[in-house]
Student: 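This structure is in structure tokens; I'll ask about it shortly.
Quick caveat, the model's predicted, so the values are computed rather than measured. Each chain gets a letter, A, B and so on, in the order the sequences are listed, and its residues count up from 1.
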Amino acid sequence: MEQKTDAKTERYNPQETEQKWQARWAADGLHDVDLRAPGDKFYFLTMLPYTSGDLHVGHWYAMAPSDAGARYQKMRGKHVFFPIGFDAFGLPAENAAIKRGIHPRKWTYDNIDRMRSQLRSMGTMFDFSHEAISADPEFYRWNQWFFVKMFERGLAYQRMAPANWCPKDQTVLANEQVVNGVCERCGTPVIQRDLKQWFFRITEYAEELLDFSKVQWPDPIATMQRNWIGRSEGLEAGFDLDVPGVDEEEIRVFTTRPDTIFGVTSMVLAPEHPLVPKITTPEQKVKVEAYIDQARRKTEIDRLSTERERTGVFTGAYCVNRFNGERNPIWIADYVLLWYGTGAVMGVPAHDTRDFDFAKKMGLPIPVVVAPPVWDGSPLEEPYTDPGTMVNSGRFDGLPSEEGKAAVIAFAEEQGWGQRRITYRIRDWLISRQRYWGTPIPIIHCPKDGPVAVPEADLPVVLPDDAEFAPTGESPLAKHEGFVNAKCPKCGDPGRRETDTMDTFMDSNWYFVRYLSPDYHDAPVDPSLAERWLPVDQYTGGAEHAVMHLLYARFFWKVMRDLGVVKGDEPFTRLFNQGQLLGPDGQRMSKSRGNVVAPDDQVAKYGADTFRCYLMFIGPWEEGGPFRLDGISGVERWLNRAWNIVLTEPPSGQADEAGAKALGRLTHQTVKRVTEDVEGFRWNTAIAGLMEMVNGLSRARESGLVDAAAWSDAVQKMILMMAPLAPHIAEELWFRAGGAYSVHQQQWPTWDEELLRSDEITLVVQVNGKVRDRIEASAGISEDAAKALALASEAVLRHLDGKTPRKVIYVPGKLVSIVV
RNA sequence: GCCGAAGUGGCGGAAUGGCAGACGCGGCAGACUCAAAAUCUGCUGGGGGGUAACCCUCGUGCCGGUUCAAGUCCGGCCUUCGGCACCA
């Protein structure tokens, strides 16, 4: 710490400094990690960017703090792996390619080149030597390998499922290509059409996915995932069919309210329910068929919209409630979903809001079977959906709802009418996409053997570059003769390759596993590296991924575990979801709104350090919020002030003991504060703490003589704490202050609790809860002395107004509260 | 409707139940300068009182409650944002 520079002649030049160190770091491979080197591993992962073009401020908002977190862990002595890759498959590449007449591959890889250089300009410690790109055959080959393994185990299967279909373009549309129910390209109303599609059996893991006991995740995220999985317990029971000439004997129904089973007045089936055509009476046939046809035309979003008036049609058939022998009409209605429960709902008007509205409208009876706590037996004015006491329910009368549920289920099981059942809201994951730019599904359809998996030795099934991916009305790969025609791996007869590609969420399921060994050829991941480095210790990413990506990735991890690829039950031990950075207008940033802030301009103007620190300073990371440039000069000033502090040492000499002690206290207090804030990703307050330290050092310098040792210690620690946040200027200052290269290989400073303590404290004195005085006292003051001091205060005496205190409360080292 | 998050100065925001507004922006005043920029210093929630140091009072979306003490805890609302949307 000897070197001095004349700061009066030199100002901090961010552009020059940043370029210099970035070049040096790259040349030294400072951030290339040897995963086999010894050390206490820490896998710090940030969600990989989609290759949409330029990096925008949102990427910086996500990545700069992650980088700071990774750098901090490294300074804490961890062996840190902080990789980066690119999510490169997907619809936007196809759209952009169609629009601009460039091949999706070229568009994507050009974007990657640009994003890579932008990422480097941020000054991150990303390890580019372990990069993975999902559109590389060496990556997606393992998507296919996983698919084959899952197919063999029955975890990947095919069934009919509706897809958005544009009748004019004769093509399948993704949800985002459907705008207000019409095709975004030609405006034709979109219909639902059944196609044979591939699914992953995520429901197999539903129960395990509900368990968050093995991870440290924020509660709201766990709650959202639990709601998404939507476990509910209830009774599945049969109602006797009372339809002449029909072989089936019963309708299976699922209910979470078995305690209301005596209040059933109707049965409602999904329009697609297989029983519907069988039970519909000839008189009702025309109406029913028209209704089914109509339902078919609606997208699921329309169908489930609560805005819509509820509709339904009577089938003409009846069924019998085994509990009370009552005959109930059977309806169909499109609000009943075939895939949830049993595709049949019992109508209980008294205790279900939508059944109540329907019965009221139709003038149907509304028998009460669960009595509210206060109820005189008169008809209900509104549905009663809370727990109560069972009435009009035969042998179950008088039971409270919860007990009643169990009793009804037990009775049903005894009688052989039904059984306890758990259902989940979550559905199996539809992974088929009728698109070009994705991982080909490695299946060959043989007329004789059906769908046959492509043998492992033949993987990858390479996505051909010369497909016609422009929209023509057919799946792009389906027209590529060279791709489609393939021999059945089983019998050698001519077969047809599957032409669907995989949902791109497949790529994000496991990319972080591939990062460990992106060139490994014998398995998705080198087992020895997987063993050592997984699971991920800290994952960060946008809150918008709270459910979909994070749930799919957990599911897929469990699949990988069961395949023996990885060990342990969860992929991400700790999770942090940052909020969304909005445009200056408070709206979500988008090109069409014209509110996208380009980071490159800001970096050119202020430098990367200022810009990344500003993004961390604007507010709590988890909250996100509108991005305005208003306050960036504050951060710029802070870094410049820090620069000046380091480069111009104060007049040194023998300062008084109190001054040295005060400076030491400031240093240790700041180390404690900043350490705790950085641990909790509270960047805004961490930076505020460092700003205060600079202010404190400035004041100390102004005051004249400063203890040289205390000053040097303070400055050194300050630079170290700045290093994760502002890596370039910290490196330069460290160098100027005579520190050894690199600041990023130094140890994070520690603090001494002893040195935090001040000799003097400020006692706050309250009278009847209001602050009336502040008294300086020695830190070791006794309770009695503190109380005496407070009671002697002039301000207190004034407010006591001659009265005797009833009570005096003492909070050690802080406050005396007097009650009159 | 359900689930989740959040409401604090002109603005971004700080506050283990213990001095509300740290830190920063902006603003005002001053220093430096021929001048400006940059930099530095001081002040800056509203209202009232005092020549002044200061003092009083109101104040964290709204209404209640608990407590010596509430931005913070409890009950009930209102608003905004995000997610899911008839889940039987």
Student: Between A/K770 and B/C58, does any side-chain N or O lie under 4.0 Å from OP1 or OP2?
Tutor: yes

Student: How far apart are the closest heavy atoms of A/L338 and A/P274, and which atoms are they?
Tutor: CD1-CD, 4.2 Å

Student: Need one value for A/V345: base, sugar-phosphate or nothing, where a base atom within 4.0 Å counts as base even if backbone is also close, heavy atoms only.
Tutor: base

Student: Heavy-atom count around A/E794 CD within 6.0 Å, excluding the residue itself: above 12?
Tutor: no

Student: What one-letter contact string describes nucleotides 38-50 of chain B from 5' to 3', where B marks a base within less than 4.0 Å of any protein heavy atom, S marks contact via sugar-phosphate atoms alone, and - marks no contact?
Tutor: SSSS---------

Student: Does any pair with a residue in residues 811-820 of chain A pass side-chain hydrogen bond (donor to acceptor under 3.5 Å, both in side chains), and if so which ones, sequence neighbours excluded?
Tutor: none

Student: Pick base, sugar-phosphate or nothing for A/R231, based on heavy-atom distances below 4.0 Å to the nucleic acid.
Tutor: nothing

Student: Give a yes or no on whether a donor-acceptor pair under 3.5 Å exists between the nucleobase atoms of B/G18, that is its base, and the side chain of A/Q766.
Tutor: yes

Student: Which value, in whole Å, describes the distance between the C1' atoms of nucleotides B/G65 and B/G50?
Tutor: 39 Å

Student: Is A/S817 touching bases, backbone alone, or none of the nucleic acid, heavy atoms closer than 4.0 Å?
Tutor: base

Student: Decide yes or no on side chain to side chain contact (heavy atoms under 4.5 Å, CB included) for A/D609 and A/Y12, but give the supporting numbers first.
Tutor: CA-CA 12 Å; A/D609 283 342; A/Y12 173 56; 3.9 Å; yes

Student: Look only at the side chain of A/T203 and the backbone of A/R427, and say whether a donor-acceptor pair between them is shorter than 3.5 Å.
Tutor: no

Student: When rounded to the nearest Å, what value does the distance between C1' atoms of B/A88 and B/G4 take?
Tutor: 24 Å

Student: Are A/R554 and A/W228 in a cation-pi setup, meaning NZ or CZ lies under 6.0 angstrom from the ring centre and within 45 degrees of the ring axis?
Tutor: no

Student: Assign A/V764 to base, sugar-phosphate, or nothing according to its heavy-atom contacts below 4.0 angstrom with the strands shown.
Tutor: base

Student: Take nucleotides 70-78 of chain B nucleotide by nucleotide from the 5' end and write B, S or -, depending on whether a protein heavy atom sits under 4.0 Å from the base, only from the sugar-phosphate, or from neither.
Tutor: ---------

Student: Are the side chains of A/I330 and A/L241 in contact, using a 4.5 Å heavy-atom criterion?
Tutor: yes

Student: Looking only at atom C1', what distance separates B/C62 and B/C54, rounded to whole Å?
Tutor: 35 Å

Student: Please state the P separation for the pair B/G49 and B/A38 - nearest whole angstrom.
Tutor: 38 Å

Student: Pick the C1' atom in B/U16 and in B/A22, then give their distance to the nearest Å.
Tutor: 16 Å

Student: P atom, B/C78 versus B/G24: distance in rounded Å?
Tutor: 40 Å

Student: Could you work out, with side chain to side chain donor-acceptor pair (under 3.5 Å) as the rule, every residue matching A/D677, not counting sequence neighbours?
Tutor: A/R682, A/T685

Student: Taking A/T342 for its side chain and A/R252 for its backbone only, find out whether a donor-acceptor pair lies under 3.5 Å.
Tutor: yes

Student: Is any side-chain heavy atom of A/M721 less than 4.5 Å from a side-chain heavy atom of A/V678?
Tutor: no

Student: Using 30° and 60° as the class limits, which term best fits the ring planes of A/F555 and A/W429: parallel, tilted or perpendicular?
Tutor: perpendicular

Student: Answer with base, sugar-phosphate or nothing: what part of the nucleic acid does A/E692 contact at a heavy-atom distance below 4.0 Å?
Tutor: sugar-phosphate

Student: Classify the nucleic acid contact of A/R772 as base, sugar-phosphate or nothing, counting any heavy atom under 4.0 Å across all strands shown.
Tutor: sugar-phosphate

Student: Using OP1 and OP2 only, check whether a side-chain N or O of A/H351 sits under 4.0 Å from B/A88.
Tutor: no

Student: Applying side-chain contact (heavy atoms from CB on, under 4.5 Å), name anything that partners A/K807, two or more places apart in sequence or on another chain.
Tutor: A/I809, A/V819

Student: Once pairs are restricted to Watson-Crick or G-U wobble with both distances under 3.5 Å, how does RNA chain B read as a dot-bracket string, [ ] for crossings and | for other-strand pairs?
Tutor: (((((((..(((.....[....)))((((((.......))))))(((((....)))))..(((((..]....))))))))))))....

Student: Could you tabulate the donor-acceptor pairs under 3.5 Å formed by side-chain atoms of residues 611-632 of chain A, not counting sequence neighbours?
Tutor:
from	atom 1	to	atom 2	distance (Å)
A/R612	NE	A/L725	O	2.9
A/R612	NH1	A/D67	OD2	2.8
A/R612	NH1	A/M122	O	3.4
A/R612	NH2	A/D67	OD2	2.8
A/R612	NH2	A/P724	O	2.9
A/Y614	OH	A/R628	O	2.5
A/Y614	OH	A/G631	N	3.3
A/W621	NE1	A/Y61	O	2.9

Student: So which protein nitrogen or oxygen atoms get under 3.5 Å of nucleotides 10-14 of chain B's nitrogens or oxygens?
Tutor:
from	atom 1	to	atom 2	distance (Å)
B/G12	O2'	A/I618	O	2.4
B/G13	O3'	A/N684	ND2	3.4
B/A14	OP1	A/N684	ND2	2.8

Student: Tell me whether B/G9 sits syn or anti, counting syn as a glycosidic angle within 90° of 0.
Tutor: syn

Student: Which residues satisfy the side-chain contact (heavy atoms from CB on, under 4.5 Å) test with A/A662, sequence neighbours excluded?
Tutor: A/R665

Student: Would you say A/R641 and A/N695 are linked by a side-chain donor-acceptor pair, where the criterion is simply a distance under 3.5 Å?
Tutor: yes

Student: Closest-nucleotide mapping onto RNA chain B: is A/N768 or A/A795 further toward the 5' terminus? I mean the 5' end.
Tutor: A/A795

Student: Side chain of A/M691, heavy atoms from C-beta onward: which of B/C87, B/C68, B/C23 has the nearest atom to it?
Tutor: B/C23

Student: Pick the P atom in B/C55 and in B/A20, then give their distance to the nearest Å.
Tutor: 13 Å

Student: How would you label the contact of A/W228 with the nucleic acid (heavy atoms, under 4.0 Å): base, sugar-phosphate, or nothing?
Tutor: sugar-phosphate

Student: Applying side-chain contact (heavy atoms from CB on, under 4.5 Å), can you list everything that pairs with A/A795, at least two apart in sequence or on another chain?
Tutor: A/D773, A/S793, A/R798

Student: Counting just side-chain N and O atoms, does A/K807 come under 4.0 Å of either OP1 or OP2 of B/C68?
Tutor: yes

Student: For A/Y384, give me all partners under ring pair (Phe, Tyr, Trp, His ring centres under 6.0 Å), at least two apart in sequence or on another chain.
Tutor: none

Student: Please list, for nucleotides 1-3 of chain B, all pairs of protein and nucleotide N/O atoms separated by less than 3.5 Å.
Tutor:
from	atom 1	to	atom 2	distance (Å)
B/C3	O2'	A/N227	ND2	2.7

Student: I need the CG-P distance between A/L629 and B/C25, as an integer number of Å.
Tutor: 14 Å

Student: Would you mind checking if A/K405 and A/E233 are paired as a salt bridge, meaning a charged N to carboxylate O distance below 4.0 Å?
Tutor: no

